[in-house]
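Values below: all heavy atoms of this structure, side chains included; hydrogens, waters and symmetry mates excluded.
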Amino acid sequence: MTATYDGQSAIELMSSDPPDVVLTDLKMEPVGGLEVLDAARKLRPPVEVIVFTAYGAVDVAVKAMQAGARDFLTKPVTVGQVAARLEGLRTETPSEDGSDQPDTEPPQISVPEAFEFVAEAPASQRMLDELRKAAVAPSPVWIEGEVGSGRGHAAEALHNFHDPDSPLTIINVGRSQGWPTSGTAVLPNVDHLGDDLQLQLLRDLETVPEGVRLVTTAGPNGRRLITEGKLRAELYYALAVLVIACPPLRERSEDVPALLEYGLDLFSNKFDRPRPSLASEQVGRLSRHQWPGNIRELFNVAERAVVMGPSALDGDIIEAAPAGLPKLEPGFALANYIESVERQILVEALRKAKGDRNQAGRLLGVERNTLRYKLNKYGLLDR
């Protein structure tokens with residue numbers, strides 16, 4: 001095992017002595033973890049990468065996954081967590097030539113061990129009802145929701161409702177691979193794809209074999225993503241024939257106890273460690289928590305409790321913010337929040353004014369030069 005303390009040194013070391021696996025933080029200066037990831041994946045054969053990210057920076061970790069990272073862990077990271085991820089990599093069977101994936105049909109995956117979408121809450125039950133209705137037809141399904149809210153499990157539930165004996169295939173648009181010949185093809189996090197990859201995917205949709213069911217996962221409110229310039233309208237309307245919203249965990253607090261029990265069982269068996277018991281007061285506190293990281297955050301808590309002990313279940317909780325205010329949680333940045341709100345208001349003003357900047361300026365009560373500056377700041381000048 002070799003350790004370096006900055007991204008540039010890691011890249012230079014990999015070039016001269018390629019490792020078996022890279023563990024890297026994402027936030028480093030002046031060369032960040034994404035650059036380290038890119039260098040590792042360009043090696044031949046590519047080197048697997050596990051990234052570490054701060055709590056509240058899950059969106060950056062998603063970008064890393066899209067760029068080829070094998071997995072990510074939210075800090076603070078325990079030795080047990082790292083050991084479990086490395087053991088998972090060790091037991092996998094690599095391809096004979098060491099390549100990422102074949103250029104023809106992608107590998108099929110099996111659905112994880114009997115994970116049923118927990119649906120004690122009314123919001124969860126409504127979503128499952130929509131999935132059952134969608135399963136009777138082969139129409140493309142667009143599942144939208146926050147990162148970690150269970151979009152992938154919802155896609156698996158839809159697949160199982162439709163035809164559990166057929167293959168379920170995860171498509172990585174950023175890598176060269178073909179379509180499966182049958183079953184369900186899941187396109188994850190399409191809204192995180194760059195414009196070039198979105199265009200490539202749109203063209204590739206013309207070659208999807210008959211009988212393959214397309215299921216897409218993306219962030220909340222696809223139409224808003226189009227307005228914000230994050231998603232091609234033609235791609236959205238090609239894939240969003242049936243749209244199903246996956247509720248965030250804060251809107252399904254009735255599901256928290258069952259999910260915690262499942263997580264504790266899962267990691268207790270995985271690590272062969274004693275399973276902590278959930279006290280009623282812990283269940284009550286954790287049910288009030290807003291879970292900004294959604295189910296992924298909940299499973300992190302369960303994993304920490306198994307590795308570090310039941311006191312991990314007694315951490316600080318984030319309760320609901322007053323109506324109209326953002327959740328104040330670790331990772332919150334006032335400047336970023338204000339900018340995001342300002343951009344949304346500008347987009348809405350342009351929409352209402354049908355692109356007429358003079359009218360938009362009057363709606364906002366700002367002068368022409370001020371409006372032009374702000375539109376240019378947020379990349380909206382050409383709209």
Side-chain angles (χ1 to χ4, degrees), residues 58 62 111-137 139-164 168 170 184 186-191 213-225 239-267 278 280 282-303 305 313 317-321 323 327 329:
V58 177
V62 171
V111 179
E113 66 274 6
F115 179 89
E116 296 183 2
F117 201 102
V118 174
E120 301 291 334
S124 302
Q125 293 171 5
R126 286 193 297 271
M127 186 196 67
L128 278 187
D129 184 57
E130 291 179 351
L131 290 171
R132 291 189 184 95
K133 291 178 180 177
V136 302
S139 308
V141 176
W142 180 280
I143 299 176
E144 58 185 27
E146 297 176 5
V147 172
S149 60
R151 300 174 304 192
H153 288 303
E156 292 167 6
L158 173 64
H159 170 77
N160 287 335
F161 289 148
H162 177 65
D163 186 2
L168 173 65
I170 306 298
T184 301
V186 179
L187 300 163
N189 302 322
V190 166
D191 55 318
R213 172 69 164 277
L214 292 178
V215 179
T216 306
T217 68
N221 200 334
R223 292 181 179 177
R224 187 189 67 204
L225 295 173
L239 294 170
V241 178
L242 305 177
V243 179
I244 296 176
C246 190
L249 190 53
R250 63 180 173 274
E251 294 179 4
R252 39 185 295 221
S253 59
E254 296 92 341
D255 295 341
V256 169
L259 286 169
L260 281 169
E261 297 285 1
Y262 175 85
L264 292 172
D265 287 338
L266 175 68
F267 293 111
L278 269 172
S280 58
Q282 289 173 323
V283 172
R285 290 179 67 257
L286 293 171
S287 295
R288 296 195 308 274
H289 182 49
Q290 290 295 285
W291 300 106
N294 286 298
I295 297 174
R296 181 166 290 173
E297 180 192 355
L298 182 146
F299 279 2
N300 283 349
V301 169
E303 186 171 354
L313 298 168
I317 65 169
I318 300 169
E319 299 203 48
K327 297 185 298 294
E329 60 192 58

(message) Please determine whether side chain to side chain contact (heavy atoms under 4.5 Å, CB included) holds for the pair Trp291 and Leu298, giving the CA-CA distance in whole Å, both sets of side-chain angles, and the decisive distance to 0.1 Å.
(response) CA-CA 7 Å; Trp291 300 106; Leu298 182 146; 3.8 Å; yes

(request) Check Ala218 against Trp142 and note the closest heavy-atom contact, atom names and distance. (result) CB-CZ2, 3.4 Å

(message) If you compare all heavy atoms of Pro140 against all heavy atoms of Val241, which two are closest, and at what distance to 0.1 Å?
(response) O-CB, 3.5 Å

(request) Starting at CG of Leu249, measure out to CZ of Arg296 and round the result to the nearest 0.5 Å. (result) 13.5 Å

(message) Treating Arg213 as the side-chain partner and Ala137 as the backbone partner, does any N or O pair qualify as donor plus acceptor under 3.5 Å?
(response) yes

(request) Determine whether Val215 and His159 make a side-chain contact, defined as any pair of heavy atoms from C-beta on separated by less than 4.5 Å. (result) no

(request) Verify the neighbour count for atom CZ of Arg224: are there more than 12 heavy atoms of other residues, nucleotides or ligands below 6.0 Å? (result) yes

(message) Could you tell me if the side chain of Asn189 sits less than 4.5 Å from the side chain of Arg151, heavy atoms only?
(response) yes

(request) Could you check if a side-chain atom of Ser253 sits within less than 4.5 angstrom of a side-chain atom of Arg288, using non-hydrogen atoms only? (result) no

(request) Kindly write out the residues that satisfy salt bridge (Lys or Arg N to Asp or Glu O under 4.0 Å) with Asp129, not counting sequence neighbours, or none if the list is empty. (result) Lys133

(request) Indicate the atoms forming the closest heavy-atom contact of Leu128 with Ala157, along with that distance. (result) CD2-CB, 4.5 Å

(message) Which heavy atom of Gln282 sits nearest to which heavy atom of Leu313, and what is that distance?
(response) NE2-CB, 3.6 Å

(request) Only one of Leu158, Ile244, Val141 passes side-chain contact (heavy atoms from CB on, under 4.5 Å) with Glu130; say which it is. (result) Ile244

(request) Begin with the C-alpha distance, continue with both residues' side-chain angles, and end with the deciding distance and a verdict on side chain to side chain contact (heavy atoms under 4.5 Å, CB included) for Val283 and Leu260. (result) CA-CA 9 Å; Val283 172; Leu260 281 169; 5.5 Å; no

Sequence neighbours excluded and cut-off under 3.5 Å, please list the side-chain donor-acceptor pairs for residues 118-127, or say none.
residue	atom	partner	partner atom	Å
Ser124	OG	Arg252	NE	2.8
Ser124	OG	Asp255	OD2	2.4
Gln125	NE2	Ala119	O	3.2
Gln125	NE2	Glu120	O	3.2

(request) Starting at CG of Asp191, measure out to CG of Asn221 and round the result to the nearest 0.5 Å. (result) 11.0 Å

(message) Can you give me the closest heavy-atom contact between Pro220 and Gly145, atom names plus distance?
(response) CD-O, 3.5 Å

(message) To the nearest 0.5 Å, what is the distance between CG on Leu264 and CG on Leu259?
(response) 11.0 Å

(message) Can you confirm whether Ser149 sits close enough to Pro247 that some side-chain heavy atom of one is under 4.5 Å from a side-chain heavy atom of the other?
(response) no

(message) Do Pro188 and Ile170 have side chains that approach each other closer than 4.5 Å (heavy atoms only, starting at C-beta)?
(response) yes

(message) Run the side chain to side chain contact (heavy atoms under 4.5 Å, CB included) test on Phe161 and Val136 for me, step by step, so that the C-alpha distance in whole Å, both residues' side-chain angles and the decisive distance to 0.1 Å come before the verdict.
(response) CA-CA 8 Å; Phe161 289 148; Val136 302; over 6 Å; no

(message) side chain to side chain contact (heavy atoms under 4.5 Å, CB included), that's the test. Do Val190 and Thr217 meet it? Break it down for me.
(response) CA-CA 7 Å; Val190 166; Thr217 68; over 6 Å; no

(message) For Phe299 versus Tyr262, what's the shortest heavy-atom pair and its separation?
(response) CZ-CD2, 3.6 Å

(request) Could you tell me whether the side chains of Asn294 and Arg250 share a donor-acceptor contact shorter than 3.5 Å? (result) no

(message) Taking side-chain contact (heavy atoms from CB on, under 4.5 Å) as the criterion, tell me which of Leu168, Leu214, Thr216 meets it with Val186.
(response) Leu168

